[in-house]
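Encoded as structure tokens, the structure appears first; notes follow it.
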Amino acid sequence: MNRVSAAAAFALASLAARTSQANEETSTEVAPDSTPPTEIVVIGRPREDRGTVVSVMKEKEIERLGATNVGETLERLPAISSGNGARGERTLILRGFDQRQIAVFIDGVPVYMPYDGQLDLSKLPVDMVERITVVKGSGSLLYGPNGLGGAVNITTRESTASPSLTLKTETAPFSATRASAVGSASFGPISGVVGAAAENVRYVPLSRSFTTLPNQEPGRRDNSDRRDISLASKVIWNVSDSHRVMLSASRFGGVFGVPPATRDLTVRYWRWTDWESSSLGLSHTYRGEHFETEEVVYAGMFSNTLDSYDNARYASQLLPRAFHSIYDDMSLGGFARTRNIIPLGSRRQLDVRTWTGLKHDSHESSGSPGQDTAKVSTNIVTTSAQADLDVVPQLLRVASGVQFDAELPDTPPSGPKPNAAAAIGPLASISVTPARDFSITLSAASRTRFPTLRERFSTVFDANEPNHLLAPEHAWNFSIDAATRPTRTMRLAAGLFDSELRDLITSVVVAPQINQFQNVGHARFAGAEMEFTWSPVQWLEVLAGAMIMRARSGDALDQPVAYRPKSKGLVAITVTPWSTVSLTGVLRHVGEQDFQNPDTGVWGRLGAYQLFDARAEWRFHPMMRVWIRALNVTDANVEAHYSFPEPGRTIFVGFGTQVGS
């Protein structure tokens with residue numbers, strides 16, 4: 001269902017890149033008194049002062065951590081966990097919030113499947129990605145709607161000054177092959193970037209210690225093949241030093257198997273037999289000395305076909321459980337951003353930013369009898385403003401803001417018209433820097449998420465009662481963050497967070513074998529997170545992080561929440577014994593997590609596990625390199641999601657070359 005993934009990711013990825021950067025972690029500003037540039041992040045704090053609220057992974061770090069797609073990259077962060085679902089999609093959880101409660105963007109433009117409100121980021125290759133920014137909890141209001149628990153912004157590459165071409169290919173013998181190409185060129189004021197990526201996975205191997213389960217034999221994971229191709233391009237016209245226009249387009253298509261649950265009583269023989277996305281975007285940016293604007297319009301057309309078959313041969317559809325489901329979704333929207341830097345003298349300034357946008361999401365489905373057939377749609381309007389003030393330069397900074405969200409659902413073909421809904425979400429933060437190498441920040445923000453079209457209208461093959469009057473979810477996010485740099489080569493950040501959620505959309509049994517989504521949930525996610533980086537010598541880099549969290553739900557907050565690990569940790573060490581050789585080892589720990597058996601409703605607990613990945617690279621020529629990349633080196637048998645085992649040991653051999661800048 002998440003065909004928005006790589007295609008939209010690539011397409012919308014090209015929208016508004018430079019101004020998006022100005023509004024997040026890479027923007028810079030120069031004070032009127034010609035003091036050195038200060039890097040500003042989305043919540044208005046200098047880069048080193050943001051603690052753990054904002055995490056950034058750049059291109060070099062993504063590669064050395066052994067990630068080939070956005071989903072893999074994000075799984076390396078202690079604050080994020082993931083697992084495969086029944087439809088073969090791999091979705092994320094950020095500090096307790098599931099992916100529908102996280103706003104995902106490409107260069108500031110929202111990307112998600114309109115019907116379901118999320119996308120499988122493991123289907124988005126990183127070949128055109130420059131960096132990924134994760135804003136947690138009480139982050140910026142300036143990303144638009146639905147960021148209940150935070151936001152993920154994927155920033156794509158800019159064009160190079162001179163022509164360049166980067167080629168990569170890697171293979172895991174007999175099981176998988178990947179290849180990509182990214183080219184860039186400039187002709188006067190016109191520049192462009194073109195990217196393509198292809199993947200052919202014949203099967204995913206299981207650990208050799210995997211034992212036979214009711215729906216899965218050892219060896220190859222059943223129905224785990226995938227074939228996809230991503231194409232993307234963007235053209236940039238630098239009209240002048242202040243004005244820029246950008247046009248982007250992309251198409252993505254693929255065929256994906258859906259591995260069956262290994263323990264469930266009912267076996268699903270499902271495949272995404274057609275999954276396509278086309279996207280188009282147009283943006284204009286203006287940058288003055290103290291004032292910036294950006295205007296963006298975008299369109300995404302998404303279609304997919306999910307087929308259910310009679311048996312493991314995936315050839316016939318004669319039994320009652322077989323079906324043929326086709327989705328056609330569309331997302332149309334636009335937004336405008338402004339930024340105004342007002343000098344106040346004495347090295348002080350007021351930074352005022354606004355975001356105003358409108359989007360229209362629609363869904364239409366057809367297929368076997370009993371499935372959803374009606375066309376449904378909704379509209380969301382968002383406007384927000386945030387002001388950052390240097391109360392005492394280099395010592396005290398405060399930020400305040402407010403976001404107004406409104407949903408205006410269209411009238412469905414049948415049933416009552418959904419109610420319009422509106423919400424106001426304030427934000428406040430204060431940052432104190434008592435010493436040059438130490439800072440502490442307190443922040444709080446309220447956010448809202450509107451129901452997805454699926455939550456409001458889906459019948460789930462007559463097993464769900466639609467709820468046209470479903471209301472939005474709300475959450476208050478609080479955090480205390482501290483950061484210090486005791487030496488030039490070491491940085492330590494730590495934070496405490498507490499999120500209070502209400503009116504959560506939860507599936508409730510309303511009749512025998514009939515559920516309905518209702519606003520009956522309460523939850524609390526509270527914990528601590530730390531980050532540590534250290535490079536004591538030129539040939540050694542150490543990256544570490546950890547998070548502990550307690551997730552509870554229910555009116556009395558005495559019930560568990562499924563698939564929220566109680567702890568997570570990461571240690572990555574890179575050694576460069578010679579300038580042409582680098583070796584990286586990555587150890588990940590995921591703690592115990594509760595789950596609910598889908599067949600019996602009984603709660604259980606998955607044990608803690610560890611995964612070790614490694615990568616070795618040799619740059620034997622200035623323009624050429626080879627590498628070996630190994631995932632799950634110890635071949636651990638891991639069940640990260642009940643009835644869905646993780647891949648066993650997989651070894652890739654790769655080659656890359658780059659010509660030009």
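Annotation: side chain of Asn69 is not in contact with side chain of Leu124 (no heavy-atom distance under 4.5 Å). Here the side chains of Tyr112 and Asp361 are in contact, with some heavy-atom distance below 4.5 Å. Side-chain contact check for Ser362 versus Glu364: every heavy-atom pair is 4.5 Å or farther apart. Looking only at side-chain heavy atoms (C-beta outward), Arg552 and Phe525 stay at 4.5 Å or farther from each other. In this structure, the side chains of Val638 and Leu611 come closer than 4.5 Å at one or more pairs of heavy atoms. The shortest distance between side-chain heavy atoms of Leu148 and Ile102 does not fall below 4.5 Å.
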If you apply the rule salt bridge (Lys or Arg N to Asp or Glu O under 4.0 Å), what do you find for Asp613 with Arg76, and how did you get there? CA-CA 11 Å; Asp613 306 327; Arg76 274 37 174 189; 3.2 Å; yes

Quick one: do Gln101 and Leu501 satisfy side chain to side chain contact (heavy atoms under 4.5 Å, CB included)? Show the steps, please. CA-CA 11 Å; Gln101 299 166 326; Leu501 296 76; 4.3 Å; yes

Any chance you could lay out the side chain to side chain contact (heavy atoms under 4.5 Å, CB included) test for Asp228 and Lys123, step after step, and finish with the verdict? CA-CA 9 Å; Asp228 56 82; Lys123 293 182 173 63; over 6 Å; no

Take Tyr314 and Asn223 through the test side chain to side chain contact (heavy atoms under 4.5 Å, CB included) and record every step on the way to the result. CA-CA 9 Å; Tyr314 299 92; Asn223 199 35; 3.3 Å; yes

Is there a side chain to side chain contact (heavy atoms under 4.5 Å, CB included) between Thr133 and Val152 once you walk through the steps? CA-CA 6 Å; Thr133 304; Val152 175; over 6 Å; no

Would you sort out whether Ser458 and Tyr115 count as a side-chain hydrogen bond (donor to acceptor under 3.5 Å, both in side chains), showing the intermediate values? CA-CA 9 Å; Ser458 176; Tyr115 182 60; 3.2 Å; yes

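Atom-to-atom distance recorded for Glu639:CD and Thr262:OG1 is 5.5 Å, nearest 0.5 angstrom. Expressed to the nearest 0.5 Å, how far CG of Asn515 lies from OG of Ser507 amounts to 3.5 Å. Within the model, atoms CD of Glu407 and OG1 of Thr382 stand 10.5 Å from one another, a figure rounded to the nearest 0.5 Å. Met301 contributes atom CE, which lies 7.0 Å from atom CG of Leu280 (distance to the nearest 0.5 angstrom).
Between Glu75 and Arg90, at least one side-chain N (NZ, or NE/NH1/NH2) sits under 4.0 Å from a carboxylate O, which counts as a salt bridge. A salt bridge links Glu276 and Arg251; the closest N-O separation between the charged side-chain nitrogens and carboxylate oxygens is under 4.0 Å. Look at Arg271 and Asp225 and you find a salt bridge, because one of the NZ, NE, NH1 or NH2 atoms lies within 4.0 Å of a carboxylate O, short of that distance. Salt-bridge formation is not detected for the pair Glu130/Arg157: no Lys NZ or Arg NE/NH1/NH2 atom is positioned less than 4.0 Å from an Asp or Glu carboxylate oxygen. By the 4.0 Å N-to-carboxylate-O rule, Arg100 lies close enough to Asp116 to be salt-bridged with it.
Taking the ring centre of Phe256 as origin, the terminal cationic atom of Arg226 falls outside the region bounded by 6.0 Å and 45° from the ring axis. Under a cutoff of 6.0 Å and an axis angle of 45°, Arg629 and Phe652 form a cation-pi pair.
The backbone N or O of Asn379 lies less than 3.5 Å from no partner atom in the side chain of Lys359, so there is not a single donor-acceptor pair. Counting only distance, with no hydrogens or angles, the side chain of Gln596 and the backbone of Gly601 share a donor-acceptor pair below 3.5 Å. Side-chain atoms of Asn477 never come within 3.5 Å of backbone atoms of Ser499 as a donor-acceptor pair (strictly under, hydrogens ignored). Side-chain atoms of Asp264 never come within 3.5 Å of backbone atoms of Thr266 as a donor-acceptor pair (strictly under, hydrogens ignored). For the pair Glu455 (side chain) and Thr452 (backbone), a donor-acceptor distance under 3.5 Å is present. With Asp503 contributing its side chain and His474 its backbone, the two residues share no donor-acceptor pair below 3.5 Å. Using a distance-only test at 3.5 Å, with no hydrogens or angles considered, no donor-acceptor pair links the side chain of Ser316 to the main chain of Leu318. Although no hydrogens or angles enter the test, the distance criterion places a donor-acceptor pair under 3.5 Å between the side chain of Trp272 and the main chain of Arg87. In this structure, Gln99 contributes its side chain and Leu119 its backbone to a donor-acceptor pair below 3.5 Å. Between the Arg564 side chain and the Ser81 main chain, no donor and acceptor come within less than 3.5 Å of each other.
The aromatic rings of Phe335 and Trp355 sit parallel, their planes meeting at an angle under 30°, below the 60° perpendicular limit. The aromatic rings of Phe595 and Tyr642 sit parallel to each other, their planes meeting at less than 30°, with 60° as the upper class boundary. The aromatic rings of His641 and Tyr563 sit parallel, their planes meeting at an angle under 30°, below the 60° perpendicular limit.
In the displayed structure, Leu408 atom CG is contacted under 6.0 Å by more than 12 heavy atoms of other residues, nucleotides or ligands.
Residues Tyr327 and Phe302 keep their aromatic ring centres 6.0 Å or farther apart.
There is a side-chain donor-acceptor pair under 3.5 Å between Asp307 and Thr273.
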